[in-house]
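Heads up: the structure comes next, in structure tokens.
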Amino acid sequence: MAETRNRIAYIKGDGIGPEVVESSMSVVNAAVKKSSGIIEWVEAKAGSEAEKEYGDRLPEECINTIKDCKVAIKGPIETPVGKGFKSINVRLRLLFDLYANIRPVKYVQGISSPIVNPERVNMVIFRENTDDLYRGIEWKSDSAEAGKVRDFLNSNFNSGIENDAGIGIKVISRAKTERITRMALKYAINHNRRSITIMHKGNIMKYTEGAFREWAYSVAQNEFRDRIVTESDIASGKSASGKILFNDRIADNMFQQIITRPEEYDIILAPNLNGDYISDAAGALIGNIGVLGGANIGDEYAVFEAVHGTAPKYAGKNTANPMGMMKACSLMLEHIGMGDAASLMDNAISAVLEKKIATKDIARYMGTEPAGTREFSDAVIEKINRT
């Protein structure tokens with residue numbers, strides 16, 4: 001019987017993207033070969049390289065390649081602040097309906113952390129990826145569109161919006177909330193996680209984030225009642241044994257609690273903006289968000305990426321840490337059913353760090369000479385080949 005050949009699109013991205021993507025692909029190749037699998041890489045160009053070749057930062061060629069492969073890895077792509085083109089990352093999420101951003105955050109031995117017990121950090125963030133302010137429904141303060149919206153709201157609802165105000169629309173829908181809640185609950189069941197906490201600001205934004213909370217509870221209680229228990233259930237005497245605790249926290253309190261008692265939080269379910277914030281905050285707990293990978297998953301397509309930016313000043317210097325991209329690739333392998341290869345990668349990375357082989361951002365805390373991007377990747381590949 002012929003082995004399944006997985007076709008995976010890859011986008012090198014901008015800045016340090018090409019270095020970390022190419023290094024990570026070489027590690028994936030070693031792990032897949034060791035586990036007797038087959039991967040075929042298909043390049044898809046986006047970002048500055050695509051703009052030079054196609055005159056478009058997200059050309060149709062790239063979109064069609066991802067459509068054909070269904071699964072892609074992506075290096076970081078530049079996004080300007082306050083002006084210029086819209087985020088390619090957001091466009092991809094909306095275009096392919098990648099509604100769940102999933103980011104595991106677990107302490108990696110050997111990394112210097114700002115908290116006393118970083119080994120207690122073991123969370124998975126489920127961030128709704130296609131709703132909220134990230135829909136991009138906004139108008140500049142001096143635009144005709146902003147003027148029309150201000151006039152409409154002030155005339156019809158006495159909103160009192162100032163004439164120099166920019167306008168952004170916060171959209172949170174029931175259907176999108178329900179589907180990511182289902183995905184988070186199924187993930188918790190399949191991965192033996194112990195709790196899901198909704199992070200929201202529903203006390204202030206009652207009909208958007210408050211509704212997110214309400215709709216999430218509705219899915220949990222109506223569709224997964226035999227698998228979950230709420231805090232009110234426990235207070236009334238119901239046993240929590242063998243159940244997933246389903247609860248919620250106000251967003252500002254959530255930030256305090258992941259710092260003061262991170263061990264209490266397992267899966268965090270959040271609307272888009274809150275999910276963006278809490279993902280980086282959780283990453284900071286382990287000392288370095290550059291070692292984290294993330295998954296953007298929908299019902300048909302999936303794109304995997306490191307969570308760090310383009311870091312252009314380090315581009316081409318063989319100093320960038322490829323671990324975040326490697327972790328993203330590990331998530332990709334698990335997604336396509338190559339869990340053995342994913343485990344080989346993860347175990348090899350841990351083993352190399354235990355030997356105090358690390359790039360500059362981590363090596364400086366280990367008191368050891370830094371390895372380059374290629375040298376770190378080579379060490380991981382060597383460990384995989386000797387396993």
Side-chain angles (χ1 to χ4, degrees), residues 8-28 41-59 61-63 65-66 72-93 95 98 101 103 108 111 129 134 276-277 279-280 283-284 286-296 303-332 349 358-364 370-378 380:
I8 309 297
Y10 69 95
I11 299 171
K12 291 182 181 180
D14 299 324
I16 62 172
E19 295 168 80
V20 298
V21 168
E22 289 168 5
S23 293
S24 299
M25 288 168 61
S26 65
V27 172
V28 170
W41 297 104
V42 183
E43 185 171 11
K45 293 183 180 180
S48 56
E49 185 181 17
E51 187 171 38
K52 291 175 185 175
E53 185 170 338
Y54 298 101
D56 187 348
R57 298 185 68 85
L58 185 59
E61 287 81 356
C62 177
I63 294 169
T65 299
I66 296 173
I73 64 169
K74 182 185 73 62
I77 295 178
E78 178 192 8
T79 301
V81 177
K83 60 182 180 180
F85 51 86
K86 286 188 176 182
S87 166
I88 301 300
N89 300 325
V90 173
R91 287 175 63 190
L92 285 170
R93 291 167 191 167
L95 180 65
L98 307 173
N101 180 270
R103 185 183 299 185
V108 178
I111 296 178
N129 225 4
Y134 287 72
D276 195 358
Y277 292 153
S279 293
D280 279 10
I286 68 169
N288 190 330
I289 68 168
V291 304
L292 300 177
N296 299 283
V303 176
F304 299 83
E305 61 188 348
V307 304
H308 57 70
T310 57
K313 68 179 180 179
Y314 298 112
K317 296 182 179 179
N318 194 38
T319 60
N321 188 346
M323 268 186 65
M325 196 66 234
M326 289 181 186
K327 290 291 185 179
C329 288
S330 174
L331 293 172
M332 179 272 294
I349 291 168
T359 49
K360 184 177 180 180
D361 55 328
I362 297 176
R364 60 186 174 184
T373 307
R374 290 187 295 274
E375 289 70 26
F376 178 80
S377 303
D378 289 344
V380 175

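Worth saying up front: this structure is predicted, and the values here are computed from it rather than measured.
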Salt bridge (charged side-chain N to carboxylate O under 4.0 Å, His left out) evaluation trace for K45 with E53: CA-CA 9 Å; K45 293 183 180 180; E53 185 170 338; 2.6 Å; yes
Min side-chain heavy-atom separation I73-M25 under 4.5 Å: yes
Pairing of D280 and R103 as salt bridge, 4.0 angstrom limit: yes
Trace of the side chain to side chain contact (heavy atoms under 4.5 Å, CB included) decision for N321 with Y314: CA-CA 10 Å; N321 188 346; Y314 298 112; over 6 Å; no
Closest heavy-atom contact between [X] and [Y]?
X	Y	answer
A371	F376	CB-N, 4.2 Å
K327	G293	CB-N, 3.7 Å
A320	T373	O-OG1, 2.6 Å
G316	E19	N-OE2, 2.5 Å
T65	E43	CG2-O, 4.0 Å
A44	I11	O-CG1, 3.2 Å

Set of residues satisfying side chain to side chain contact (heavy atoms under 4.5 Å, CB included) with respect to S330, sequence neighbours excluded: A342, D346
Residues S48 and D14: side-chain donor-acceptor under 3.5 angstrom: yes
Over 12 non-hydrogen atoms of neighbours within 6.0 angstrom of OH in Y277: no
Backbone of S23 reached by a side-chain donor or acceptor of S26 within 3.5 Å: yes
Flag, side chain of N101 to backbone of G294, donor-acceptor distance under 3.5 Å: no
Gap between atom CD1 of I88 and atom CZ of R57 - 0.5 Å precision: 6.0 Å
